[in-house]
Amino acid sequence: MLGIVRQKMLEQSLKKIRPAVSVLRSYSSAAKQMTVREALNSALDEEMSADSKVFLMGEEVGEYQGAYKITKGLLDKYGPERVLDTPITEAGFTGIAVGAAYYGVKPVVEFMTFNFSMQAIDHIINSAAKTNYMSSGRISVPIVFRGPNGAAAGVGAQHSQCYAAWYASCPGLKVLAPYSSEDARGLLKAGIRDPDPVVFLENELLYGESFPVSDEVLDSSFCLPIGKAKIERKGKDVTIAAYSKMVGYALKAAETLEKDGIDAEVINLRSIRPLDRSTINASVRKTNRLVTVEEAFPQHGVGAEICASIVEESFAYLDAPVERIAGADVPMPYAANLERMAVPQVEDIVRAAKRTCYRSVS
Amino acid sequence: MVLGRAFEDKCAQMYYYRKMFGFVRLYNGQEAVSTGFIKLLKQQDSIACTYRDHVQALSEGIPARAILSELLDKATSCCRGQGGSMHIFSREHNMLGGFAFIGEGIPIGTGAAFTSKYKREVLKEADCDHVTLAFFGDGTCNNGQFYECLNMAALWKFPFVFVVENNLWAILFLRFIRKDQLSGCWVFMWMGWMY
């Protein structure tokens, strides 16, 4: 009894000491905190500053400072010739941006959400993705299509779809899905510098989230390789592969699983096309169990592709059937309780991981 | 023009001899339109068209042999057999293609005109005065992208010319049969000049 009181007093006194300790740490190499919004804004700013061929185009990107304030301050800094507020004509302005990219300028096209990209999908696929091939390599299209993707909060069926699988199935496109601020900065810079069309799928609910970023990430030449996944958490019992917001959920699920003695390895895919098959397969060969997590519709999704890749390359290493967690196979409902049920939650990931380990899920 | 007609006639012949397959759209009877326009262009000016693009490609200076090789699936052609009849691209001749969906080439051409203005005003290439032409048919005048680009080209003052080739057909639909067809079928040109 006295021991517990003494322990609690020790904890409390440690809590008082801790702030001083972290002040001392800031003099060495403490990580700065940066929101995903700030990461994207700074990446756009630096790339536009470094290369005058880079310009922005989209609805509300200029005077309104961006529908989600991602392009804040850029109109004032670079002027209306480089930050273009377009009319509400996705098909038209996307085509214009692609045509401009044929001539070597580097548009960054913002879709207010990727649901609106369906109005322009002909230009993304037919005019941008396929042109390098159709012209036998003579015309390259250095364009980036970016914007929020996937479910937000209470926006209904026509504003909540995840387009990762649709775009990732098309040869000629690169499809990136950042999770943290480091991902957002590094992958957007890589996408803008890339000579091929890049679809950059952000997430509205992540914009305000803060992540620690090192000095290396803050450097203006920082860039992440396209096609390389990141192992966010090393583990040995089960591999959980996710992208975008679901990486955060997978990490929370891993904490819960740890209490039950299951050591999960969490992979942040970062790049949906090209998919980092070698990292995922290497991880599954180590853990022998796989759970894929995505917010999108289940049929023909990213999880399905990963499962196929594992079966093709690492079948003999599997100790349990692959588990695929995805959004419900239904247009996103509006009511908050139904919306929660239509999107994967941390408990769903925990249950799936336990199923692969043949543990009781109750 | 004569080369264009001879070329298209030869394509028809090759098609009937089953040397050519798939979609091949011929330009017989329309040669005067594009030939006349393209004759006035400079080397650096660009064009974009629909799938009916053989004669525009010839007028731009792409060798007839390169285009016919493309239609006959030869690797030595202008696009190594990867584009086909509907997708003739040439970087050096500034031919932007060749697009399957009608109306698809109009925004692409508008983008090329945008680049001309961007190079002049932002990248400070003072001698850049390239003009872009988009060729398309009367049926395309029903397409939303046509109106979207008319709006944006006028709004931002692009050096762009919309050329409507009124052949009275919209895919397989002959205009005379339906008198109440929208006014987009009239021949007109809308100039979006910079100055």
Side-chain angles (χ1 to χ4, degrees), chain A residues 48 51-59 62 78-107 109 119-143 171-172 197, chain B residues 44 46 48 70 75 77-84 86-101 103-124 128 130 132 134 143-153 155-156 158 160:
Chain A
M48 287 181 78
D51 186 351
S52 52
K53 293 205 188 92
V54 179
F55 68 95
L56 305 184
M57 204 172 199
E59 294 159 9
Y78 297 103
E81 293 103 359
R82 291 185 70 193
V83 179
L84 285 100
D85 275 322
T86 61
I88 312 170
T89 52
E90 276 79 9
F93 72 68
T94 306
I96 289 179
V98 174
Y102 283 11
Y103 276 95
V105 287
K106 296 181 183 181
V109 176
Q119 302 268 322
I121 200 166
D122 175 50
H123 283 296
I124 300 173
I125 305 291
N126 281 330
S127 306
K130 295 179 185 171
T131 293
N132 193 249
Y133 183 84
M134 289 195 293
S135 69
S136 68
R138 292 191 179 106
I139 298 182
S140 97
V141 192
I143 189 169
Chain B
Q44 312 92 313
S46 346
E70 180 67 26
S77 64
C78 55
C79 296
R80 292 209 300 248
Q82 286 166 206
M86 296 188 283
H87 307 295
I88 308 286
F89 289 92
S90 173
R91 162 118 271 158
E92 59 196 281
H93 298 97
N94 293 311
M95 167 98 182
L96 300 176
F99 290 93
F101 289 88
E104 198 182 345
I106 300 175
I108 300 294
T110 314
F114 166 88
T115 307
S116 175
K117 187 175 180 212
Y118 192 87
K119 282 183 175 170
R120 199 183 180 104
E121 291 181 359
V122 178
L123 302 178
K124 308 293 181 206
C128 180
H130 313 328
T132 308
N143 190 273
Q145 290 180 82
F146 169 57
Y147 295 100
E148 292 179 19
C149 290
L150 277 176
N151 182 32
M152 285 189 275
L155 184 70
W156 288 322
F158 292 155
F160 188 60

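Order of the sequence lines sets the chain letters (A, B, ...), proteins ahead of strands, with each chain counted from 1. These numbers were taken from a predicted model, which means no experiment stands behind them.
The closest side-chain heavy-atom distance from A/Thr94 to B/Pro107 is not below 4.5 Å. Using a 4.5 Å cut-off on side-chain heavy atoms (C-beta onward), B/Trp156 and A/Leu84 make contact. Using a 4.5 Å heavy-atom cutoff, the side chains of A/Tyr102 and B/Ser46 are not in contact. Here the side chains of A/Pro87 and B/Met152 are in contact, with some heavy-atom distance below 4.5 Å.
Contact residues of residues 122-132 of chain A toward chain B are A/Asp122, A/His123, A/Asn126, A/Ser127, A/Thr131 (heavy-atom distance under 4.5 Å).
Only the side chain of B/Gln145 comes within contact range of chain A, judged by heavy atoms closer than 4.5 Å. Heavy atoms of B/Leu96 lying under 4.5 Å from chain A belong to its backbone as well as its side chain. For B/Leu155, the part sitting under 4.5 Å from any heavy atom of chain A is the side chain, from C-beta outward, and nothing else. Proximity to chain B involves both the backbone and the side chain of A/Phe93, based on heavy atoms less than 4.5 angstrom apart. If you measure heavy-atom distances from B/Asn94 to chain A, the contacts under 4.5 Å come from both the backbone and the side chain.
By number of non-hydrogen pairs under 4.5 angstrom with chain A, the leading residue of B/Glu104, B/Arg91, B/Glu92 is B/Glu104.
Scored by the side-chain contact (heavy atoms from CB on, under 4.5 Å) test, B/Arg80 finds A/Ser136, B/Gln82 as partners (sequence neighbours excluded). The side-chain contact (heavy atoms from CB on, under 4.5 Å) check on B/His87 picks up A/Met134, B/Phe89, B/Ala100, with sequence neighbours excluded. The salt bridge (charged side-chain N to carboxylate O under 4.0 Å, His left out) check on A/Asp51 picks up A/Lys106, with sequence neighbours excluded.
Across all their heavy atoms, B/Thr115 and A/Gly99 have their closest contact at OG1-O, 4.5 Å. In terms of heavy-atom proximity, A/Ser52 sits nearest to B/Leu123 at OG-CD2, 3.3 Å. Annotation for B/Cys79 and A/Ser135: closest pair SG-CA, 4.1 Å, computed over non-hydrogen atoms.
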